[in-house]
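Residue numbers begin at 1 in each chain, while the letters A, B, ... track the order of the sequences.
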Protein chains: 2
Amino acid sequence: MAELLAGHGYRITGPRRAVIDAVVGRARPFTAEQIVAELKRVAPELGRATVYRTLEILASVDVLSRFLRADGHPAYIVGVPGHRHHLVCSDCGTVVAFTRCPVDDLVRDLSRDTDFAIQGHLLEVFGVCPECRDEPPAIAPS
Amino acid sequence: MAELLAGHGYRITGPRRAVIDAVVGRARPFTAEQIVAELKRVAPELGRATVYRTLEILASVDVLSRFLRADGHPAYIVGVPGHRHHLVCSDCGTVVAFTRCPVDDLVRDLSRDTDFAIQGHLLEVFGVCPECRDEPPAIAPS
DNA sequence: GCAACAATTGAGACAGTGTGTCAACAACAC
DNA sequence: GTGTTGTTGACACACTGTCTCAATTGTTGC
């Protein structure tokens with residue numbers, strides 16, 4: 001991952017390694033602030049801005065991808081570069097990426113009907129994953 | 001619009017009227033902060049929290065609908081209740097709502113393939129409207 | 001019209017998620 | 001080892017809200 005940064009002309013620094021270490025191997029999505037909090041424990045001198053900047057860089061080189069959670073807050077997940085969308089579990093945060101994009105046809109039609117020059121779109125699907133669905137809720141419904 | 005509020009058991013108050021006045025008749029989307037700024041001029045005593053609360057109430061009774069702009073920030077637009085999506089001009093902010101939702105098929109397939117219990121989705125399309133496209137940019141490209 | 005009640009308000013503190021600045025530092029090329 | 005320049009950490013600031021709480025106001029019943 002570090003080499004990938006170097007390949008893009010970014011320097012390999014201690015703080016960046018720390019962020020990469022904190023991020024690599026995560027299957028679940030995470031927010032920038034989660035990484036900040038975690039690194040505060042192992043490397044208290046590491047600044048908040050550095051974490052934000054590094055995550056941004058990692059996303060820009062497609063090591064991470066950024067997406068919106070159900071509450072509208074941004075989060076990151078390792079991998080899944082390219083044109084993908086996400087199916088996000090509202091309960092545990094598990095993300096399933098999918099490449100099938102049903103918007104293409106729609107975009108063509110919208111473009112024709114409205115004469116807009118379509119630039120992009122945002123599609124996120126929210127639901128509850130099988131694990132969370134099977135688990136009984138912490139507080140039993142009355 | 002005020003009667004609609006009353007119909008839902010909300011009181012018709014001065015501040016709420018002011019917010020409704022500021023909002024009604026707008027064809028373009030607006031952010032809560034825009035309304036706050038505008039009302040600051042005509043009714044400086046009106047609080048920020050009140051504007052946020054009132055917009056939220058108006059959205060809850062389907063007088064407004066809330067959506068995300070291209071930059072991820074929330075905005076409101078008058079009307080368009082129900083299941084709609086938005087095509088947003090990244091330049092002037094014009095919104096075109098559309099009801100056609102290509103996600104239904106996808107949701108069914110995703111649900112089958114991933115075993116998620118799909119709850120909802122977020123779809124916004126971004127582009128440049130014909131007016132903005134025809135206008136020469138303020139700073140000529142070099 | 002008036003009083004009582006409860007909803008609503010305004011002010012301001014606080015939170016989450018970033019961005020911008022700037023002097024000090026450190027990675028890298030030589 | 002040195003010089004250059006990208007990077008860092010600290011911190012201020014911005015935006016978009018949410019929350020609290022005493023004061024105010026709309027509404028209802030008389």
Side-chain angles (χ1 to χ4, degrees), chain A residues 1-23 29-61 64 66-77 93, chain B residues 1-23 29-61 64 66-77 93:
Chain A
M1 217 186 250
E3 279 79 46
L4 220 133
L5 276 193
H8 279 81
Y10 293 107
R11 289 189 181 167
I12 312 303
T13 67
R16 283 183 183 166
R17 278 185 192 283
V19 173
I20 291 174
D21 283 352
V23 151
F30 49 87
T31 64
E33 216 54 36
Q34 271 171 20
I35 302 298
V36 169
E38 186 165 315
L39 286 176
K40 186 144 280 172
R41 289 206 306 278
V42 296
E45 75 287 356
L46 210 148
R48 225 165 110 258
T50 302
V51 176
Y52 276 92
R53 280 187 292 237
T54 306
L55 289 176
E56 205 174 296
I57 288 171
L58 289 174
S60 79
V61 301
L64 302 179
R66 190 176 163 161
F67 68 97
L68 289 176
R69 292 189 316 199
D71 57 7
H73 288 162
Y76 293 90
I77 187 169
Chain B
M1 217 187 252
E3 278 80 45
L4 220 134
L5 276 193
H8 280 81
Y10 293 107
R11 289 190 180 166
I12 312 302
T13 66
R16 284 182 180 167
R17 279 185 193 282
V19 173
I20 291 175
D21 283 351
V23 150
F30 49 87
T31 63
E33 216 53 36
Q34 271 172 21
I35 302 297
V36 169
E38 186 165 314
L39 287 176
K40 185 142 282 172
R41 289 205 306 279
V42 297
E45 75 287 355
L46 210 147
R48 224 164 111 260
T50 303
V51 176
Y52 276 92
R53 279 187 292 239
T54 306
L55 290 177
E56 204 173 298
I57 289 172
L58 290 174
S60 80
V61 300
L64 302 179
R66 189 178 165 162
F67 67 97
L68 288 176
R69 290 190 318 199
D71 58 6
H73 288 160
Y76 293 90
I77 185 168

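- Here C/dT9 presents its P atom at 12 Å from CG of B/L55, a figure rounded to the nearest Å.
- When DNA chain D is scanned 5' to 3' for any atom under 4.0 Å from a heavy atom of chain B, the first and last hits are D/dT16 to D/dT27.
- Look at CZ on B/R17: it is 12 Å from P on C/dT9, rounded to the nearest Å.
- The nearest heavy atom of DNA chain D to B/Y76 and to A/P44 marks one nucleotide each, and the one closer to the 5' end goes with A/P44.
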Pairs under 3.5 angstrom, nitrogen or oxygen only, protein versus nucleotides 19-23 of chain C, please.
from: C/dT19; atom 1: OP2; to: A/E56; atom 2: OE1; distance (Å): 3.3

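- Partners of A/I12 according to the side-chain contact (heavy atoms from CB on, under 4.5 Å) rule, which considers only residues two or more places apart in sequence or in another chain, are A/A2, A/L5, A/A6, A/R17.
- For A/R16 (side chain) and A/R11 (main-chain N/O), a donor-acceptor pair under 3.5 Å exists by modelled atom type.
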For nucleotides 27-30 of chain C, give me every protein contact, N/O to N/O, under 3.5 Å, one pair per line with atom names.
from: C/dA27; atom 1: N3; to: A/R11; atom 2: NH1; distance (Å): 3.3
from: C/dC28; atom 1: OP1; to: A/I12; atom 2: N; distance (Å): 3.3

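- B/L55 has its side chain within reach of B/V23: a pair of non-hydrogen atoms, C-beta onward, lies under 4.5 Å apart.
- Here the shortest heavy-atom pairing between A/L39 and A/A22 reads CD2-CB, 3.9 Å.
- In this structure, the side-chain contact (heavy atoms from CB on, under 4.5 Å) partners of B/E33, at least two apart in sequence or on a different chain, are B/T31, B/V36, B/R48, B/Y52.
- The rotation axes computed at either terminus of the helix from C/dG1-D/dC30 to C/dC30-D/dG1 lie 30° apart, taking five pairs at each end and rounding to 10 degrees.
- The interatomic distance linking B/L46 (CG) with C/dA11 (C1') rounds to 12 Å, in whole Å.
- Residues A/Y10 and A/V61 are in side-chain contact: their nearest non-hydrogen atoms beyond the backbone lie under 4.5 Å apart.
- Using a 4.5 Å cut-off on side-chain heavy atoms (C-beta onward), A/Y76 and A/L58 make no contact.
- For the pair B/L5 CG and C/dT9 C1', the computed distance is 15 Å after rounding to whole Å.
- Remark: side-chain polar atoms of A/T50 are not paired, donor with acceptor, to backbone N or O of A/L46 under 3.5 angstrom.
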Audit row: A/L64, A/F30, side chain to side chain contact (heavy atoms under 4.5 Å, CB included) steps and yes/no: CA-CA 11 Å; A/L64 302 179; A/F30 49 87; 4.1 Å; yes

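- Neither OP1 nor OP2 of C/dT9 sits under 4.0 Å from any side-chain N or O of B/T50.
- For the pair B/H8 and B/L4, the minimum side-chain heavy-atom distance is below 4.5 Å.
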